[in-house]
Amino acid sequence: MSDQQRKPNDYKNPLKPVWCPGCGDFGVVAALYRALSQLQIPQEKIAVLSGIGCSSRLPGYMATYGFNGVHGRALPVATGLKASRPDLTVIVAAGDGDGVSIGAGHFLHAARRNADVTYVMMDNQIYGLTKGQVAPTTPKGDKTKSTLYGNPDPPVDPCELALAAGATFVARTFSADIKGEVDILCQAILHKGFSIVDIISPCVTFRGDDQYDFWKPKLRPLPEGYVPSNRIEALRFCREEGVLTTGILFKEERPGLVEQQKNIRRSAGYDPAAPPKIEELVRAFYP
Amino acid sequence: MSDQQRKPNDYKNPLKPVWCPGCGDFGVVAALYRALSQLQIPQEKIAVLSGIGCSSRLPGYMATYGFNGVHGRALPVATGLKASRPDLTVIVAAGDGDGVSIGAGHFLHAARRNADVTYVMMDNQIYGLTKGQVAPTTPKGDKTKSTLYGNPDPPVDPCELALAAGATFVARTFSADIKGEVDILCQAILHKGFSIVDIISPCVTFRGDDQYDFWKPKLRPLPEGYVPSNRIEALRFCREEGVLTTGILFKEERPGLVEQQKNIRRSAGYDPAAPPKIEELVRAFYP
Amino acid sequence: MAASDLVVGAVGRGGDGVILSGELLMASAASKGLYGYMVQSYGPQIRGGESSFRARFSVEQVSSPGDFLDILVVFDWAAYEMFSNELVPKESAFVLFDEDNPVPEGVRLSGTKLAAPFAKLSKSASGSLQAKNMVMVGILGGLFGFGAEGIGAGVKKRLAKKGEEVIKKNLEAFEAGFSYGTANATEAAGKIGLEYSPGPPKLVLSGNEALALGALHAGCRFYAGYPITPSSEILEFMGKNMWKFGGSFIQAEDELASIGMVLGASFGGTKAMTATSGPGFSLMTEMLGLGSMMEIPAVIVDVQRTGPSTGIPTKSEQSDLWQAVFGTHGDAPRVVLAPSDVEDCFHAAVDAFNISEEYQLPVVILSDQLLAQRKVTLSSLPLDKAVVGRRTPAEGDAEGGYCRYRLGSEDGVSPMAVPGDPRGIYQTTGLEHNEKGEPTSSFELHEVMNEKRYRKLKAIAERYRYVRRYGASEPEVGILAWGSSKGAIKEAVAKANAKGRKVAAFIPELLYPFPKHELEAFLKPLKKVVIIELSYAAQFYKYLKTFLDLPEERVILKKRSGGAFLGVSEVEAAIEEALK
Amino acid sequence: MAASDLVVGAVGRGGDGVILSGELLMASAASKGLYGYMVQSYGPQIRGGESSFRARFSVEQVSSPGDFLDILVVFDWAAYEMFSNELVPKESAFVLFDEDNPVPEGVRLSGTKLAAPFAKLSKSASGSLQAKNMVMVGILGGLFGFGAEGIGAGVKKRLAKKGEEVIKKNLEAFEAGFSYGTANATEAAGKIGLEYSPGPPKLVLSGNEALALGALHAGCRFYAGYPITPSSEILEFMGKNMWKFGGSFIQAEDELASIGMVLGASFGGTKAMTATSGPGFSLMTEMLGLGSMMEIPAVIVDVQRTGPSTGIPTKSEQSDLWQAVFGTHGDAPRVVLAPSDVEDCFHAAVDAFNISEEYQLPVVILSDQLLAQRKVTLSSLPLDKAVVGRRTPAEGDAEGGYCRYRLGSEDGVSPMAVPGDPRGIYQTTGLEHNEKGEPTSSFELHEVMNEKRYRKLKAIAERYRYVRRYGASEPEVGILAWGSSKGAIKEAVAKANAKGRKVAAFIPELLYPFPKHELEAFLKPLKKVVIIELSYAAQFYKYLKTFLDLPEERVILKKRSGGAFLGVSEVEAAIEEALK
Ligand SMILES: Cc1ncc(C[n+]2csc(CCOP(=O)(O)OP(=O)(O)O)c2C)c(N)n1
Ligand SMILES: Cc1ncc(C[n+]2csc(CCOP(=O)(O)OP(=O)(O)O)c2C)c(N)n1
Ligand code: SF4
Ligand code: SF4
Ligand SMILES: [Mg+2]
Ligand SMILES: [Mg+2]
């Protein structure tokens, strides 16, 4: 494998996805296959992690290392993996409930730490796997299985939260726009530090079969010449009504977790060529 | 009590605080006594809740109902209490670790729901109770018990997070500025919906005895004529370096949790005068 | 001679409408006063995937979904493969399938095969294939003389939202099927039809619904929860109905918040509940301990599914017992109730609130997927069941200063003030505390406060002994089990008794504190004790050992993993082994 | 005749420097090759509050902090009130206090009272009152002939950061105290001085430090944790030292994240650990189950404190046993180790990593506050202790496709590929899965996978039987206990043996799977079995019953809440009762 060209399908494993026909998540995984192929990252050097949700089934369809853990906690797992194995490309696939409801705290902290992980948020504004309850991204007023009288709460915007928490790469795209997605995913994966790609990924079963028709006219690329370097500017494309701006909203260079940890090791005097002996540590405990 | 004037000391119970001499939290509790006295809220109509931390000891010093629960989870407890007992004034006292580390997810969601709770964040940029480890608010580079080589991560700003999550009242003040604090606390308590008051409250023991000298020259009130109605404008006073702007950064009217729930009850046909019988519900289960 | 008991199964995939057809059969049975019991199964796909039901109808109360089918309907043979373990027809069964979709090579199953024109009749009667399920219900009615009446009401109710036109088409498809069935009713088919005289209509309820109804009856006016299979129906029920009763409902951000909200509401004097399944329940254990320490009433429902970790979310198991009884750090008393049938779920909810409010501690209800998601018919719910409230400070209790944790009461309970009461102002804490609730690190206080908290369990154990006992009054073999296993056991015991076997079953519904004396009395005369449970680690067996000395030499342990129901024949085999 | 064993206690409040003086005494003892054992106590205030230490010094290894004091130093009588239960002087003791601060009316305590000029000498020698503690150490040295030598090095090391000037002043204060003490050494005072011949210097270590050292020795190269008393020293140690070994350290946002990070690192092939106390441990149980299901090595340290809930965070208890053994939903095998002294903490860490890596499952180390935060002297640490690694796919293991969860191995373990290995690519899940790791809802697979996961425990039980046994070889009375209680028990057993009592103690250090056969062998000859534990709910006793049949009629249960150490005399009383 290592010498020949890796095709998108080489990142796909033989399992047939259990997603509903028409689910947006098909687009996301297809874009991911292509992005990885474009970057030619060896399969064995990639780990895709997730929590629980329809979206979190994604690692199971990859021909890479995969980890489908518990609901809401994929980011800590990914952070631990990346910190200890900087040589791996670490990608997290998450649902909006997984990421900004039960996992909201971890999301903020992964962004703050600038953990070198690509966070692929499959944002469908609903709880898919548990069959249609309200998500923190569900529009206000919407009726769902758990908000029969209309969702009383305004939605949060994952990109806005990421910006507030200090994320260094924040982008938004649409699951059916494979080309746009592949491009953004490639950049996100190449980014040093925490990158979030908020992908609107329709749940046709619980948000309705018309989701694609609903979203398509709303999509709007970032304005020509937009430079994604100002946090406050980026916020103008968050929490939008009526439109959905796609593209890289924000990007900043700041040392990632891996680099920070390398620096600390250096300050602490770690010498890979001559690792210390435990005896030296023990000596400090003599009076 | 109900007829006579309630003095600040009437909100104080006889327990002697266990805070270190000089701790900023003394200022916070003193301001709270005064604010409640100013508002003349009956003690028995107030509940002060907290998690765990030096700051979370606060409810124990109040002559009101109090609940000192577990680390990081005071906001859900407060939300449950307020939703079911809208007649009570519900205040949460939290540390920065309690609120934006372990409790970060709850913080976001209480703000999003606009739960009618006043969140008093006693922000000391450190873990006090556990004796000096790094907090998510600790400045980058600072040495603490757990960051001996300097904190690698940038701090988060609780006000910025609150804004991103949809909080409707966001203010900042300083623990030793009792007058400013009392004023802001009064407004926060009167606010319908979620209000956060980020109070810089020095930990003299683990941040140094010079904390007051460090902060005082940095304090700056909001510019003359500032109208706290624009979220993006408010963000300019977040994550500041060198200065610390105090005052009400943002305020917005949006139905709080209590009002929302009242509306839903109305839509569902609840009639307090003629509450339904369980029999009626059961009837629906006959074929 | 027609049977008094009929087990029907059907399987198909998305679009086949299998589940709806099962529900219509249940509705029709209920409307005629028949007993019914239905379980459903799904493949991993949310829409368009495989699904099946099995339903049992009877003139007498049934307590299990039966082992083998009398009638099997297959819409899709690939889907059948998936559930073939769960849907095994009898030798005497009829297997129906679409004539366009014959039994594939290699599929071997017993019973008489009948090809029927599901698709064709659907198309001709309703203009589309969508009404295949209605045709099927019709054919069953015609062939086996069952389910014909009352179906109209069921269709109207279930499809009300879809409008007149849809209802009409569906009814037409049903009629087409029914005529076909009647016309083709062979003598053989007639034999397995149900013979019954209609009675007053029955309720159709799932365990989750019964539990939620019980909670509302008990006065629950606050619910916070987070969706999780197989408990979500409780959340959805509350999200729909709590408002009508003037209560509050919150879908929390996670389970940590759910239980936090419940404790907050209960601190405020409102009866409060949350429901979840294993993964969420594990997250709740820290605050379960807080409730125990602060002595706050709270009802926590854990609808068990197959574990560990995410396990098999849609299947039943009995492996959260340890977590319910022993979970959380420290010595934290709580009560654990385990309903064992759908009606019990209602009772358990009321009892849980009563115990929790009266004794001021968290009560866990251990339900399970089979109990929670099956639908059964019930004659009624006991809506006059007594409901008790919390002990609040009476005149005099606040004399000399109100003490939230006053020592000295016999049952360990001290009056709990409700915020708003000026005489009862107190501050509570999860730290160890003195009588007033002030933090302490005194060992002596810790010991007396532990004693106070545990004294409540003693009082509860003396007062409540929820136990179900079935079978022979002087048994030689006794079966010990809990939860949804009861159904199959009850039935197997009845069968064994009918054959003259001296067998009885003991099903504790109060698991902690355990009704020890009752069990000891039950065990005494036994020659053999059979413990049956669906937990690989034998959690029930080992738990019993913590509290009493089992007569090991007489014990036969029948434990296995969950993921498949306990079958009546499995229990029968265990009984025969014990009698040998 | 001078004693071979000396117990010193001191109490004061913020600014008195009590704790530092204790540490200096320990350092001085260690530098002379003496054995030492020190515990500290604090009031609830972080700074300026009450604090105390008690330290025991001896020429022989001691395993408990002793019951009563030979010397008590009181800087502040109000502070003394707070700890008076923990610091009870013997009849023959000397009680020292500042001459300006005499024994208040109403304080009654035994021993000879000695007023000493702590403040005055501090002022005159160092110019401030800050060096009172040094004067105290000096006076003790002068009076009782102990601790004088080696103190200089200790002061220099401890105060290095404060600079030359401070060190000089402190040493001068020490000298002033020492001269005063020597000049005033009464004959009586000489009597309780220690007589010893200096040996090679010893290590001074706490259990938390020993455990962290063990982890690094075992190859732990990833640590994630969240601060919590009494485990934070492990976090702080790792935050300081992990980097030097090229590893990673993260202070996580909470305990859910801590264990998540550990599982992530371990999935990547790195040995990983987290440490917490009860409240954090409760939060970890969901992902403990994930580790068990995914078969991922992970070491989780729970340093127990008094519960339930927040309890008494600074005091020891043995009440997280149930959570460690039974916590999490579902049937989730894990291993539980319980070190019983400071040196054991080192061993337990290495053993935990060895077992965890070899058998691919989470291992919990149950430490406790008394074990974790006490400081003792040790001759050495066994840095040659063997360390083993994980079974990874060998040549041929991936033939026909790599199966992460290959069935069929005798010990249930299947080779685990490390990301980066192209032949070992797999996807793991917390759902039940087949050999490849693909999700399944098959009951049959669930059963065999449960069996596979539990088979590991059988293999471990056969291979490891960590048990400590003390006392008579043919005992009549046997004591069963675990964890830090061992110290007092060992000492009480030795005393009883010296009096000819046939007593022995059995301390399992592998709690789960339990060394059943060893215990049965131990129990057989006993007339009486005394079970001693610091858990109100008797978690150990009840846990033992789950796995074996205790001879109930011969069992004496001595259980109580934690919050105060188990005393040697308490154990002696239990022994006498059993012998009666
Ligand atoms: C601790 C825990 N709580 C709840 C669940 C149940 N659960 C599974 S997925 C899910 C949410 C699904 O929504 P989302 O994360 O948006 O993913 P989607 O299915 O929409 O892709 C929930 C609540 C669980 N598995 N674990
Ligand atoms: C679940 C849990 N984890 C950890 C702790 C230990 N703990 C107590 S307070 C605290 C943090 C204190 O910092 P902060 O919230 O900023 O409050 P402060 O003491 O600074 O006021 C921690 C980690 C705990 N009590 N519970
Ligand atoms: S339920 Fe929704 S999110 Fe889940 S697979 Fe189906 S369409 Fe996709
Ligand atoms: S440790 Fe810091 S935060 Fe805590 S009481 Fe002392 S000064 Fe205040
Ligand atoms: Mg979603
Ligand atoms: Mg703090």
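None of the values given here were measured: they were computed from a predicted structure. Naming convention: chains lettered A, B, ... in sequence-line order (proteins, then strands); numbering from 1 in each chain. Keep in mind that the numbers below use all heavy atoms, side chains included, and drop hydrogens, waters and symmetry copies.
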*Which atoms of A/Leu108 come close to chain D, meaning under 4.5 Å heavy atom to heavy atom: side chain ones, backbone ones, both, or neither?*
neither
*Side chain, backbone, both or neither: which part of D/Leu216 has a non-hydrogen atom closer than 4.5 Å to chain A?*
both
*How are the rings of A/Phe107 and A/Phe194 set relative to one another: parallel (under 30°), tilted (30 to 60°) or perpendicular (over 60°)?*
tilted
_A/Arg112 portion near chain D, given a 4.5 angstrom heavy-atom threshold_ = neither
*Which bit of A/Ala284 comes within less than 4.5 Å of chain D, counting heavy atoms only: side chain, backbone, both or neither?*
backbone
*For chain A, find which of D/Ala27, D/Gly437, D/Ala257 contributes the most heavy-atom pairs closer than 4.5 angstrom.*
D/Ala257
*For D/Lys244, is it the side chain, the backbone, both or neither that has a heavy atom under 4.5 Å from a heavy atom of chain A?*
both
*What distance separates D/Leu205 CG from D/Thr377 OG1, expressed to the nearest 0.5 Å?*
9.5 Å
*What part of A/Lys277 is in contact with chain D, defined as an atom under 4.5 angstrom from a non-hydrogen atom: side chain, backbone, both or neither?*
backbone
_Would you compute the distance between atom CD of D/Gln360 and atom OG of D/Ser292 and round it to the nearest 0.5 angstrom?_
12.0 Å
*Roughly how far, to the nearest 0.5 Å, is the CG atom of A/Leu190 from the CD1 atom of A/Ile41?*
7.0 Å
*Count the heavy-atom pairs under 4.5 Å between each of A/Lys45, A/Arg283, A/Arg113, A/Lys262 and chain D, then report the option with the highest count.*
A/Arg113
*Side chain, backbone, both or neither: which part of A/Arg266 has a heavy atom under 4.5 Å from chain D?*
neither
_If I measure from the heavy atoms of chain A, does D/Phe222 come under 4.5 Å with its side chain, its backbone, both, or neither?_
side chain
*asked:* Between A/Leu257, A/Val77, A/Leu75, who has the most heavy-atom pairs with chain D when the cutoff is under 4.5 Å?
replied: A/Val77
_Heavy-atom proximity to chain A below 4.5 Å, by part of D/Ala224_ = neither
_When D/Arg221, D/Glu209, D/Lys240 are compared by non-hydrogen pairs under 4.5 Å with chain A, the top option_ = D/Glu209
*Using non-hydrogen atoms only, which part of D/Asp421 is less than 4.5 Å away from chain A: side chain, backbone, both, or neither?*
both
_Among A/Ile91, A/Val92, A/Val48, A/Thr64, which residue satisfies the side chain to side chain contact (heavy atoms under 4.5 Å, CB included) criterion with A/Pro59?_
A/Val48
*asked:* Under 4.5 Å from any heavy atom of chain A, what part of D/Phe346 do you find: side chain, backbone, both or neither?
replied: neither
*What residue, out of D/Gly420, D/Pro419, D/Gly260, D/Ser258, has the most heavy-atom pairs lying under 4.5 Å from chain A?*
D/Pro419
*With respect to chain D, which residue among A/Gly72, A/Ser84, A/Ser50 yields the maximal number of heavy-atom pairs within a distance under 4.5 Å?*
A/Ser84
*Hey, would you say the A/Tyr61 and A/Trp19 ring centroids sit under 6.0 Å apart?*
yes
*Which answer fits A/Ala78, side chain, backbone, both or neither, if we ask what part of it has an atom under 4.5 Å from a heavy atom of chain D?*
neither
*Sort out for me which of D/Leu263, D/Leu213, D/Leu378, D/Ile259 touches chain A most, counting heavy-atom pairs under 4.5 Å.*
D/Leu213
*With distance as the sole test, does A/Glu160 use its side chain to make a donor-acceptor pair with the main-chain N or O of A/Asp157 at under 3.5 Å?*
no
_Given heavy-atom pairs under 4.5 angstrom as the criterion, report whether the side chain, backbone, both or neither of A/Asn13 touches chain D._
side chain
*Can you name the nearest heavy-atom pair linking D/Cys220 to D/Phe353, along with the distance?*
CB-CZ, 3.4 Å
*So which part of D/Met294 gets closer than 4.5 Å to some heavy atom of chain A, the side chain, the backbone, both or neither?*
side chain
*Where does the angle between the aromatic ring planes of A/His191 and A/Phe169 fall among parallel (under 30°), tilted (30 to 60°) and perpendicular (over 60°)?*
tilted
_Interface moiety of D/Thr270 toward chain A, non-hydrogen atoms closer than 4.5 Å_ = side chain
*D/Leu431, part contacting chain A, at a heavy-atom distance under 4.5 Å*: side chain
*A/Lys192 atom NZ, over 12 foreign heavy atoms within 6.0 Å*: no
*Is the side chain of A/Tyr33 donor-acceptor paired with the backbone N or O of A/Val28 at a distance under 3.5 Å, no angle test?*
no
*Would you please indicate yes or no on a ring centroid separation below 6.0 angstrom for D/Phe245 and A/Tyr270?*
no
*Say you draw a straight line from NE2 of D/His217 to CG of D/Leu381; how long is it, rounded to the nearest 0.5 Å?*
9.5 Å
*asked:* Once rounded to the nearest 0.5 Å, what's the spacing between atom OG1 of D/Thr274 and atom CD1 of D/Ile234?
replied: 9.0 Å
_Contacting moiety of A/Glu280, where chain D heavy atoms sit under 4.5 Å_ = neither
_For a quick check under 3.5 Å, do D/Tyr37 and D/Arg374 share a side-chain donor-acceptor pair by atom type?_
yes
*Heavy-atom contact with chain D under 4.5 Å, split by part of A/Pro272*: neither
*asked:* If you count heavy-atom pairs within less than 4.5 Å of chain A, which of D/Gly246, D/Gly424, D/Ala30, D/Gly430 leads?
replied: D/Gly246
